Protein chains: 2
Amino acid sequence: MGMNDKTGQHKVLLNYKVWLSSITGNGIVGETEYRLLKHIANDKSLKAASDDLGISYRKAWGDLKKAEEFLGYQLLDRQRGGKNGGNSIVTDKALKLIEAYEALQQTFDDQVEAAFIEFKNKLK
Amino acid sequence: MGMNDKTGQHKVLLNYKVWLSSITGNGIVGETEYRLLKHIANDKSLKAASDDLGISYRKAWGDLKKAEEFLGYQLLDRQRGGKNGGNSIVTDKALKLIEAYEALQQTFDDQVEAAFIEFKNKLK
DNA sequence: TCTCGTTATGAAGTGATATTCATATCGTTC
DNA sequence: GAACGATATGAATATCACTTCATAACGAGA
């Protein structure tokens, strides 16, 4: 479990991130947006989803808006007012997107483990 | 090459990052440290390397110090004073580390392209 | 022994992001 | 038709990482 002193050898993990970006490097769809969409698919609410993830509604809303603007299609079908005040439904296109993103993550996950073992061998 | 209006479909790129971290998620060795060590190996100077990369000496120094503390071994052999004011030599262990990191990146690079093509197919 | 350039390190300033706050709109339901 | 709760959005505030600044230590060479 790794030592706790300031100078010992600690357990090291391999980490990675995958995200879609514009050419200029602006992040568009990454882990945050992926998780948001997953939760919205379940909760049918952007507010509930942002609460779930512990990020501000303001940011969640802005992130998805930016993603939609960039992608050029809707990720959510929004409804204001009404029974529960409103709701947000994930569009079919967004569902496809999160499925594809999930597969991408899986591919990376599979490779990270092997690559990390290889990495550690190289250090011996 | 992607439209420029606010709502069109733009060209999307796939991005990724790989780095070593502690269990608590603190980044230890990533692209920055890798590049620093590469440049120090060449320049034999932390100052020159940080200038090369356009990052502050303060950060470069802090990053490598943190990495060394965490890993539990020296990445640099430092010398203060003397002929040119001082110098920093990359240790053998650090050389092994950057070689292994390089191989890791290469592994990912090779597979990212294929994964991205797969990703885009899934969206059709 | 004085100088010079690099390493070393705390402290203060800055800028990008995210959170908080404030307010408006909307549409079922009671 | 008044109320409730989610969406919508600008503005102010807070956070956090990085840069800048300031200052010391060091040691070969002039």
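Just so we're on the same page: letters track the sequence lines, and every chain starts at 1. Because the structure is a prediction, the values reported are computed rather than measured.
What separates CZ of A:Arg80 from C1' of C:dG27 is a distance of 10 Å, to the nearest Å. Distance B:Asp77 CG to C:dT6 C1': 15 Å, rounded to the nearest Å. Counting to the nearest Å, the C1' atom of C:dA8 and the CD1 atom of B:Ile40 are 14 Å from each other. For A:Asp63 and C:dT19, the CG to P distance is 9 Å, given to the nearest whole Å. Summarising the geometry, the separation between NZ on A:Lys47 and C1' on C:dC21 is reported as 14 Å, rounded to the nearest angstrom. If you take CD of B:Glu69 and C1' of C:dT9, they are 12 Å apart, rounded to a whole angstrom. Remark: C1' of C:dA24 and OH of A:Tyr57 are 12 Å apart, rounded to the nearest angstrom. As a whole-Å value, the separation of A:Lys66 NZ from C:dA16 P is 14 Å.
Geometric assessment of B:Lys120 against the ring of B:Phe116 yields a positive cation-pi assignment under the 6.0 Å and 45° thresholds.
Ring pair B:Phe108/A:Tyr16 is tilted by interplanar angle, where 30° to 60° counts as tilted. Taking the six-membered ring where tryptophan is involved, the planes of A:His10 and B:Phe70 are essentially parallel, since the angle between them stays under 30° and well short of 60°.
For the OP1/OP2 pair of C:dT7 and a distance below 4.0 Å, the side-chain nitrogens and oxygens of B:Ser88 include at least one atom meeting the criterion. In terms of phosphate contacts, A:Lys65 brings a side-chain nitrogen or oxygen within less than 4.0 Å of OP1 or OP2 of D:dT9. Applying the 4.0 Å criterion to OP1 and OP2 of D:dT19, one finds that B:Lys59 has every side-chain N and O outside that range. Within the structure, every side-chain polar atom (N or O) of B:Arg78 is placed at least 4.0 Å from both OP1 and OP2 of C:dT6.
With the nearest nucleotide of DNA chain C identified for both A:Lys83 and A:Ser56, A:Ser56 has the one nearer the 5' end. Where A:Asn84 and A:Trp61 meet DNA chain D, the nucleotide closest to each residue was compared, and A:Asn84 sits on the side nearer the 5' end.
Counting any heavy atom pair closer than 4.0 Å across all strands shown, A:Gly86 reaches sugar-phosphate atoms only and no base atom. Among the heavy atoms of the strands lying under 4.0 Å from B:Arg58 is at least one base atom, whether or not backbone atoms are also near. The residue A:Ser45 sits close only to the backbone: its heavy atoms come under 4.0 Å of sugar-phosphate atoms, none of a base.
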| field | Worked check of side-chain hydrogen bond (donor to acceptor under 3.5 Å, both in side chains) between B:Glu33 and B:Tyr101 | value | CA-CA 10 Å; B:Glu33 292 75 19; B:Tyr101 185 86; over 6 Å; no
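Looking only at distances, no side-chain donor or acceptor of A:Glu68 sits under 3.5 Å from a matching main-chain atom of A:Gln74.
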